[in-house]
Amino acid sequence: MSGKHINLTLKVWRQKGPKDQGGFAEYQAKNVSEDASFLEMLDAVNEELVAKGDEPIAFDHDCREGICGTCGFVIDGEAHGPMKSTTVCQLHMRNFNDGATLTIEPFRAKAFPMIKDLMVDRSALDRIISSGGYISANTGNAVDANAILVPKADADEAMSSATCIGCGACVAACKNASAALFTSAKISHMALLPQGQVERKERAMRMVGAMDAEGFGACTTTGACEAACPKEIQLTNISRMNREFFVANVTKREKHKDGGAG
Amino acid sequence: MAHNLDSKIPSGPIESKWTKTKFDYKLVNPANKRKHSIIVVGTGLAGASAAASLGELGYKVKAFCVHESPRRAHSVAAQGGINAAKNYQNDGDSTYRLFYDTVKGGDFRAREANVYRLAEVSANIIDQMVAQGVPFAREYGGTLANRSFGGAQVSRTFYARGQTGQQLLLGAYSEMMRQVDVGNVELRSRREMLDVVVIDGKARGIIVRNLLTGEIESHEADAVVIASGGYSNVFFLSTNAMNCAVTAAWKAHKRGAYFANPCYTQIHPTCIPVHGENQSKLTLMSESLRNDGRVWVPKAVGDKRHPNDIPENERDYYLERVYPSFGNLAPRDVASRQAKYRCDEGRGVNESGKAVYLDFADAIKRLGEDKISERYGNLFEMYDKITGQNPYKQPMMIYPAPHYTMGGLWVDYNLESTIPGLFVAGEANFSDHGANRLGASALMQGLADGYFVLPFTLGNYLGGTKLEKVSTTNEAFKAAEHGVKEEIKKMMNIKGSRTVDSFHKELGNVMWEYCGMGRNAEGLKKALQEIPKIREEFWNNVRIPGDANYLNVELEKAGRVADFLELGELMCRDALEREESCGGHYREEHQVDGEAKRDDKNFCHVAAWEYTGKIDTSVRHKEELTFDNVHLATRSYK
């Protein structure tokens with residue numbers, strides 16, 4: 001903890017609502033503690049704005065521990081800012097130079113409609129999950145947990161994919177605004193576990209379909225998503241998703257419409 | 001008139017209470033379930049698991065959250081693990097031992113029957129979460145791994161790296177989203193509950209504000225579940241997420257739900273210390289770190305040397321010294337108070353003097369950096385990011401901070417509040433943790449309530465209660481909507497000169513100073529004079545820019561702070577009345593050699609407060625607690 005302070009100029013995207021025209025506004029962030037987080041720096045700017053009777057800069061945030069996935073915007077062209085594997089709430093001001101000018105704007109993607117200032121609507125990601133990002137397991141009748149053995153290597157790899165916080169940085173960083181990294185992380189997590197096998201093909205088909213239907217772009221494997229991901233979700237997930245989808249597609253069966261015996 | 005509350009604890013031996021009760025409960029036939037609607041407020045572990053399992057059963061569920069997505073609920077932040085009495089390690093664990101540890105850990109201020117049920121279903125929770133694909137840590141043979149945790153001498157904690165809460169929430173969330181897909185759960189995110197609607201004495205709906213449009217909406221149902229989390233943000237600086245609030249629970253309280261044990265707040269011993277004036281929140285470092293980290297301070301007062309330059313014999317490993325059998329794994333309240341004592345003595349480190357060391361040097365020497373990195377890597381990185389210091393090279397600095405709240409809306413054995421048809425689950429209720437919560441037990445309670453208790457108790461309520469059809473055009477809905485709109489209008493029209501946060505910080509300072517880690521009568525009385533003054537100024541001088549009819553973050557915060565300003569006063573009243581020390585409630589007048597001194601003769605009860613229109617006239621009711629299985633004894637970790 002350094003105890004040092006810096007001054008910054010901020011160019012912030014301001015947009016009152018979805019239908020309004022947005023634009024950049026300039027603010028001075030003065031005497032910012034190097035130990036403060038980026039969001040705490042914005043809090044201080046907002047306190048000044050409110051004290052003047054202006055509306056504060058709206059941005060999404062919640063846990064401020066880098067785990068909930070709520071926060072996120074673009075700083076100088078980089079989703080979640082310049083630090084590798086760091087959410088914007090865990091980005092600390094000691095990583096910026098005194099006197100710097102920073103440009104701050106929202107995650108931009110057709111599937112993420114604008115809400116206000118730096119906030120966008122990422123509910124499309126929830127709809128991708130509801131299309132198949134689960135293992136159907138009704139409550140109350142699960143077998144003993146140790147009856148399902150999972151090799152440690154598989155469990156660890158599944159865990160690494162499950163680490164995705166759904167912040168949407170991958171979409172914002174992608175020139176095609178693709179949600180492939182997010183969707184593939186969930187498909188991988190479940191495809192790697194024995195519990196996920198039964199619905200494996202159906203899941204891949206449905207989730208990829210939902211992703212396309214939401215208006216996300218196609219993946220062209222540029223890797224920008226992986227570079228921007230605060231949780232280091234790997235591109236190999238996308239390869240796995242493509243394989244899952246391909247196998248599911250070529251081996252799909254027509255659904256039987258027969259009812260049960262009376 | 002204060003009276004004894006009926007907790008509806010079933011008769012019979014503790015081991016069979018839940019089984020017998022489940023059989024006695026009324027059932028709703030499958031074809032009738034879809035005719036019943038249930039509202040669930042909050043989509044953390046308790047809310048999402050409740051919505052998922054009620055949806056599976058066939059009820060029509062409407063789930064509400066303030067977040068943009070249910071996956072963001074603050075349950076994600078729990079790092080260390082979830083307890084379950086599986087005895088997979090063959091180290092002597094059992095349902096009874098988990099029950100025993102939890103009752104004792106709660107300092108004999110929890111309800112035995114609830115705690116036993118929690119221990120009983122704990123094993124099912126792990127089975128359920130594994131079936132849903134939660135990637136728990138595994139041994140090489142493919143079986144589940146366990147670790148130990150504060151307050152326990154067996155290894156019963158299941159974990160998923162340092163992200164157990166997140167992985168469990170993603171599990172419950174995905175099951176809920178499955179029900180969204182089949183149409184049994186309707187999800188309404190970015191909605192804040194601002195009132196409960198009570199018709200003919202029963203909870204029949206809620207009023208919410210759509211946070212995007214500002215629209216006030218009415219929603220009706222046959223029953224309402226509140227699973228809206230805890231209220232540690234009353235302290236302003238806490239480990240809670242920024243959107244954690246008491247609002248949903250508090251509005252229910254004002255409609256007649258009693259609020260129990262508000263003074264029971266947990267101070268977590270291992271948080272990153274405060275760095276400065278503009279700090280917005282505190283970050284917790286998982287308690288699991290105490291498995292391998294050793295806590296110490298310099299023996300000499302004011303020793304400002306670099307920790308690596310202080311030789312072994314000039315360090316005081318105070319937890320190991322004072323509590324030889326539990327050592328660094330002493331429960332949270334005990335470890336927190338010890339840290340405070342050392343800092344009060346002038347042995348604290350950091351520029352502020354408000355920190356102690358958590359040192360991994362021995363563990364790294366013993367196990368190697370790789371092993372430590374495998375166990376705690378993400379926590380070490382998080383610490384490095386926040387403080388700019390590398391914990392592999394020098395000890396972490398930690399200090400206690402407000403974390404979990406054990407108080408909450410009073411519920412009976414069925415998790416039903418004093419408003420019929422209003423159920424409360426997870427951290428929002430008061431029921432299972434007593435005056436202290438052991439590590440890895442909050443996740444357990446949230447999931448137990450949602451998956452394994454509410455599906456039965458709600459069915460019993462719906463099956464045994466005559467419910468008239470109501471609609472949102474009913475007078476009660478109109479009146480509640482009107483009240484909510486008036487309150488918002490009143491707040492917007494103040495147009496004062498102070499920001500919402502400035503009031504929140506002022507309240508937080510009073511709460512931490514007088515109702516924090518230590519309390520005494522003099523301080524609490526002072527707080528009870530201060531808080532009404534802050535509240536009065538708030539209602540005359542707060543400034544909320546913009547309008548109420550679209551997304552307005554300052555308005556959202558203002559509503560929450562207004563509720564904290566009332567809750568804070570009730571917390572201090574409750575703390576003042578409870579003339580004993582127990583768990584996280586530490587009255588400085590009641591101690592023996594720095595350890596909490598309980599008064600079982602006069603205070604072996606739950607205090608449940610009834611709102612009467614003003615906080616200073618709230619009525620204190622009691623639920624007497626009886627301990628038939630775990631005998632009342634002084635907790636000792638020595």
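Because only heavy atoms are used, hydrogens play no part in the values below, and waters and symmetry mates are left out as well, while side chains stay in. Chain A is the first sequence line, chain B the second, and so forth, proteins listed ahead of strands; every chain is numbered from 1. None of the values given here were measured: they were computed from a predicted structure.
- Contact count against chain B (heavy-atom pairs under 4.5 Å) is highest for A:K16 among A:K16, A:M83, A:R127.
- Screening B:R178, B:E175, B:Q128 against A:N138 for a side-chain hydrogen bond (donor to acceptor under 3.5 Å, both in side chains) leaves a single residue, B:R178.
- Side-chain N/O atoms of A:S160 and B:R161 include a donor and acceptor closer than 3.5 Å.
- The line from OG1 of A:T139 to CD1 of B:I125 is 11.0 Å long, rounded to the nearest 0.5 Å.
- With a 4.5 Å cut-off on non-hydrogen atoms, B:Y88 touches chain A through its side chain but not through its backbone.
- Contacts of A:V143 with chain B are made by backbone atoms alone, with heavy-atom separations under 4.5 Å and no side-chain atom involved.
- In plain terms, the two heavy atoms of A:E65 and B:L282 that are nearest each other are OE2-O, 3.9 Å.
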Take B:D181 and A:R206 through the test salt bridge (Lys or Arg N to Asp or Glu O under 4.0 Å) and record every step on the way to the result.
-> CA-CA 12 Å; B:D181 189 44; A:R206 288 193 67 199; 2.9 Å; yes
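- Contacts with chain B were tallied for A:S37, A:A158, A:A153, A:G53; A:G53 has the most, counting heavy-atom pairs under 4.5 Å.
- Chain B forms more heavy-atom pairs under 4.5 Å with one residue of A:D154, A:D121, A:V32, A:T163 than with any other, namely A:T163.
- When side chains are defined from C-beta on, A:M119 does not count as touching B:E68, because their heavy atoms never get closer than 4.5 Å.
- Both the backbone and the side chain of A:T86 come within less than 4.5 Å of a heavy atom in chain B.
- When all heavy atoms of A:R64 and B:T283 are compared, the closest pair comes out as O-OG1, 4.1 Å.
- Heavy atoms closer than 4.5 Å to chain B are found in the side chain of A:I115, but not in its backbone.
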Can you check side chain to side chain contact (heavy atoms under 4.5 Å, CB included) on B:S69 and A:R122, steps first, answer last?
-> CA-CA 8 Å; B:S69 162; A:R122 291 166 288 184; over 6 Å; no
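- In this structure, chain A has heavy atoms under 4.5 Å from both the backbone and the side chain of B:Y140.
- If you measure heavy-atom distances from A:L193 to chain B, the contacts under 4.5 Å come from the side chain alone.
- Your options are A:S131, A:A36, A:G69, and the one with the most heavy-atom pairs under 4.5 Å with chain B is A:G69.
- Counting all heavy atoms, side chain and backbone alike, A:I67 lies closest to B:A77 at CG2-CA, 3.9 Å.
- Among A:S33, A:A44, A:P56, the residue with the largest count of heavy-atom pairs under 4.5 Å with chain B is A:P56.
- Applying the side-chain hydrogen bond (donor to acceptor under 3.5 Å, both in side chains) test between A:D62 and each of B:R72, B:K281, B:H67, B:H74 identifies B:H67 as the sole match.
- Nearest heavy atoms, A:R94 versus B:I386: NH2-O, 2.8 Å.
- Of the atoms belonging to A:M41, not a single heavy atom falls under 4.5 Å from chain B.
- For B:E554, the part lying under 4.5 angstrom from a heavy atom of chain A is the side chain only.
- Interface residue A:H61: backbone and side-chain heavy atoms are both found under 4.5 Å from chain B.
- Atom NZ of B:K354 has 12 or fewer heavy atoms from other residues, nucleotides or ligands within 6.0 Å.
- In this structure, chain B has heavy atoms under 4.5 Å from both the backbone and the side chain of A:D144.
- Atom CG of B:D501 sits about 9.0 Å away from atom CG of A:N46, to the nearest 0.5 Å.
- Atom CG of residue B:N378 and atom NZ of residue A:K231 lie 7.5 Å apart, to the nearest 0.5 angstrom.
- Within 6.0 Å of CG on A:N141 lie no more than 12 heavy atoms contributed by other residues, nucleotides or ligands.
- For a residue to count as touching a neighbouring chain, one of its non-hydrogen atoms must lie under 4.5 Å from one of that chain's; by this rule B:N278 touches chain A with backbone and side chain alike.
- For chain B, no part of A:L91 is nearby; none of its heavy atoms comes within less than 4.5 Å.
- Remark: A:C89 SG to B:M242 CE distance equals 10.5 Å, nearest 0.5 Å.
- In this structure the side chain of B:P70 reaches within 4.5 angstrom of the side chain of A:D126, judged on heavy atoms.
- Closest heavy-atom contact between B:G133 and A:H189: O-NE2, 2.7 Å.
- Between B:T499 atom OG1 and A:D43 atom CG the span is 10.5 Å, to the nearest 0.5 Å.
- Of all heavy-atom pairs between B:D127 and A:A142, the closest is O-CB, 3.4 Å.
- For the residue pair B:S280 and A:E40, a side-chain donor N or O sits within less than 3.5 Å of a side-chain acceptor on the partner.
- Contacts between A:A162 and chain B at a heavy-atom distance below 4.5 Å involve backbone atoms as well as side-chain atoms.
- Note: A:N146 leads A:N146, A:D60, A:I135 in heavy-atom pairs under 4.5 Å with chain B.
- Here the SG-CG distance, from A:C63 to B:N243, works out to 10.5 Å after rounding to the nearest 0.5 Å.
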